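Here's the structure we're looking at; comments come further down.
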Amino acid sequence: ARSPPLVSLRAVDAAEPGSGSARAAALSVSETDAKAFASLPLGPVGLGTYVGRRPASPAGTTPSQLPFALSQPIARTEVGRRFLSRLSEDLAHFANAQDAGGGLEMLHLLEDQLRNYVNATDPTPLQRASKHIDTLRRSLRQTADRDRRFVEAA
């Protein structure tokens with residue numbers, strides 16, 4: 001089964017405000033570049049091989065309620081009640097997201113991976129990770145150089 005895309009974007013045509021019609025773009029963009037940018041701007045770099053979804057936290061390990069109670073008169077005002085309610089909702093949402101996992105992180109830089117590198121007697125996994133990250137840096141640099149040349153030529 002294919003995992004969901006890391007980022008979802010859609011392409012839109014530029015139009016002059018109030019004109020209701022699209023105007024010609026000053027730069028020409030290849031169809032391949034337009035599709036890549038509309039779907040995943042760093043797709044050509046192979047972003048999916050460098051970024052992974054964070055594993056879920058064990059259920060209930062992230063606090064889902066505020067760790068304090070306010071009894072000050074200001075907390076009983078309309079603004080105070082709304083503020084505390086929003087904090088509570090945000091914390092509950094954060095706890096659910098942590099329990100569900102799915103946050104994005106750079107592969108080879110996950111906490112457990114870094115801990116394994118430090119504790120390992122064999123340097124091979126760290127060397128492999130370093131090589132993988134260097135490849136990403138080169139790819140990003142090449143993409144940035146290509147984009148810079150494109151803009152300078154326009």
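Residue numbers start at 1 and run along the sequence shown. Note that the structure is a prediction, hence the values are computed from the model and not measured.
Put simply, OG1 on T77 and CZ on F83 are 11.0 Å apart, with the number rounded to the nearest 0.5 Å. Interatomic distance, CG of N116 versus CG of D122, reported as 12.0 Å (0.5 Å rounding). Between atom CZ of residue R137 and atom CG of residue L140 there is a gap of 9.5 Å, rounded to the nearest 0.5 Å.
Surrounding NE2 of H132 are more than 12 heavy atoms belonging to other residues, nucleotides or ligands, all under 6.0 Å away. For R148, the CZ atom counts as densely surrounded, since its 6.0 Å shell holds more than 12 non-hydrogen atoms of other residues, nucleotides or ligands.
Nearest heavy-atom pair across H108 and L114 is O-CD2, 3.8 Å. Across all non-hydrogen atoms, the minimal contact from Y117 to A129 is OH-CB, 3.3 Å. Closest of all the heavy-atom pairs between P63 and A95 is O-CB, 3.6 Å. Pairing each heavy atom of L84 with each of L70, the nearest pair is CD2-CD1, 3.8 Å.
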Exercise. Are D145 and R141 close enough, and set up right, to give a salt bridge (charged side-chain N to carboxylate O under 4.0 Å, His left out), and what steps lead you there?
Worked result: CA-CA 6 Å; D145 289 345; R141 197 172 299 121; over 6 Å; no

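Sorted by first then second residue, the salt bridge (charged side-chain N to carboxylate O under 4.0 Å, His left out) pairs that include residues 71-80, not counting sequence neighbours, are E78-R81, E78-R82.
A distance-only check finds a donor-acceptor pair linking the side chain of T135 to the backbone of K131 [under 3.5 Å].
Following chains of ILVMFWY side-chain contacts shorter than 4.5 Å, one can reach F68 starting from L91, so the two form part of one hydrophobic cluster.
A salt bridge does not link R138 with D134: none of the charged nitrogens is closer than 4.0 Å to a carboxylate oxygen.
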